[in-house]
Amino acid sequence: MRLALIILGLIGLLLMGCATHAVLPFYNTPQWNSFYTGGDGNTTEQAVVINTNDDKKIIEAENHYLDNMLTSKGKTYKINTRTAYGVNGKAYDKLEVVIDNSTAREYHFDISKPYGQAMQP
């Protein structure tokens, strides 16, 4: 009986040690918030500008913007599609988002900086 309890205890410790906890980035830091500027993303002309030269951070910055604008206000969202397009030599991402499982909205992001304005219209 004592051996069984010891084995169960060790298994429990092992399982607790193996559990992974996602380490979330500190989104509300000036460093993260400086990744985007510009408009509200309603249109290409009012696009949210992604301010990084690291193309690997584009999606992180876009997701952070949505988290900051929606999740922090108690809303849920799901990205349905992500489309890259170009206008006047600038590169953009358009995210079609469903908010609170009911409202559809598009967000436009100017991603020209990381792509060196390489996309053609």
Side-chain angles (χ1 to χ4, degrees):
M1 180 70 164
R2 184 180 220 186
L3 181 60
L5 287 174
I6 292 172
I7 291 172
L8 284 175
L10 289 173
I11 291 172
L13 285 173
L14 178 64
L15 290 175
M16 286 175 39
C18 292
T20 59
H21 299 282
V23 178
L24 298 175
F26 295 102
Y27 284 135
N28 291 325
T29 63
Q31 177 188 12
W32 261 105
N33 292 331
S34 66
F35 271 132
Y36 49 81
T37 56
D40 59 9
N42 283 330
T43 64
T44 301
E45 294 78 22
Q46 296 174 323
V48 176
V49 178
I50 302 299
N51 295 312
T52 178
N53 288 325
D54 184 352
D55 63 342
K56 295 175 184 138
K57 296 235 183 245
I58 293 171
I59 291 176
E60 288 181 63
E62 291 171 348
N63 290 341
H64 175 259
Y65 178 83
L66 293 174
D67 285 346
N68 198 30
M69 298 309 293
L70 300 171
T71 307
S72 69
K73 295 176 179 143
K75 298 184 181 290
T76 61
Y77 71 91
K78 177 184 172 194
I79 299 171
N80 278 344
T81 61
R82 185 181 308 263
T83 307
Y85 67 99
V87 175
N88 296 326
K90 287 189 161 193
Y92 294 90
D93 271 350
K94 177 177 75 173
L95 277 61
E96 295 178 13
V97 176
V98 175
I99 302 167
D100 290 337
N101 292 320
S102 63
T103 307
R105 176 162 182 223
E106 293 180 351
Y107 286 90
H108 299 263
F109 293 90
D110 180 342
I111 58 170
S112 298
K113 189 170 187 175
Y115 284 109
Q117 298 186 3
M119 186 172 279
Q120 297 302 314

Residues two or more places apart in sequence or in another chain: which of them pass side chain to side chain donor-acceptor pair (under 3.5 Å) with [X]?
| X | value |
| --- | --- |
| Asn42 | Asp40, Arg105 |
| Tyr65 | none |
| Ser102 | none |

If you measure from [atom1] on [X] to [atom2] on [Y], what distance do you get to the nearest 0.5 Å?
| X | Y | atom1 | atom2 | result |
| --- | --- | --- | --- | --- |
| Thr37 | Ile50 | OG1 | CD1 | 8.5 Å |
| Lys94 | His108 | NZ | NE2 | 6.0 Å |
| Asp67 | Thr71 | CG | OG1 | 4.5 Å |

For Tyr77, enumerate each residue passing the ring-ring contact (aromatic ring centres under 6.0 Å, His included) test, keeping only those at least two apart in sequence or located in another chain.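 If we apply the ring-ring contact (aromatic ring centres under 6.0 Å, His included) test to Tyr77, skipping adjacent residues, there are no hits.
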
Decide whether Leu95 and Met69 are clustered together by the hydrophobic rule: side chain heavy atoms of Ile, Leu, Val, Met, Phe, Trp, Tyr closer than 4.5 Å, transitively.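 Yes; tracing contacts between hydrophobic side chains, which count when under 4.5 Å, links both residues.
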
Look at the side-chain heavy atoms of Ile, Leu, Val, Met, Phe, Trp and Tyr, link any pair under 4.5 Å apart, and say whether Val87 and Val49 land in one connected group.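 In one cluster with Val87: Val49, no.
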
Does Val48 offer a backbone N or O that forms a donor-acceptor pair with the side chain of Asp110 under 3.5 Å? no

Under the side chain to side chain contact (heavy atoms under 4.5 Å, CB included) rule, collect the residues that match up with [X], sequence neighbours excluded.
| X | value |
| --- | --- |
| Thr81 | Thr83, Glu96 |
| Ser72 | Asn68 |
| Ile59 | Glu62, Asn63, Arg82 |
| Thr43 | Glu45, Gln46 |

Do Asp93 and Tyr107 pass the side chain to side chain contact (heavy atoms under 4.5 Å, CB included) test, and can you show the C-alpha distance, the side-chain angles, and the key distance before you say yes or no? CA-CA 8 Å; Asp93 271 350; Tyr107 286 90; over 6 Å; no

Using every non-hydrogen atom in the two residues, find where Ser112 and Ala91 come nearest and quote the distance to one decimal. OG-N, 2.9 Å

Full working for side chain to side chain contact (heavy atoms under 4.5 Å, CB included) between Ile79 and Leu66: CA-CA 10 Å; Ile79 299 171; Leu66 293 174; 4.0 Å; yes

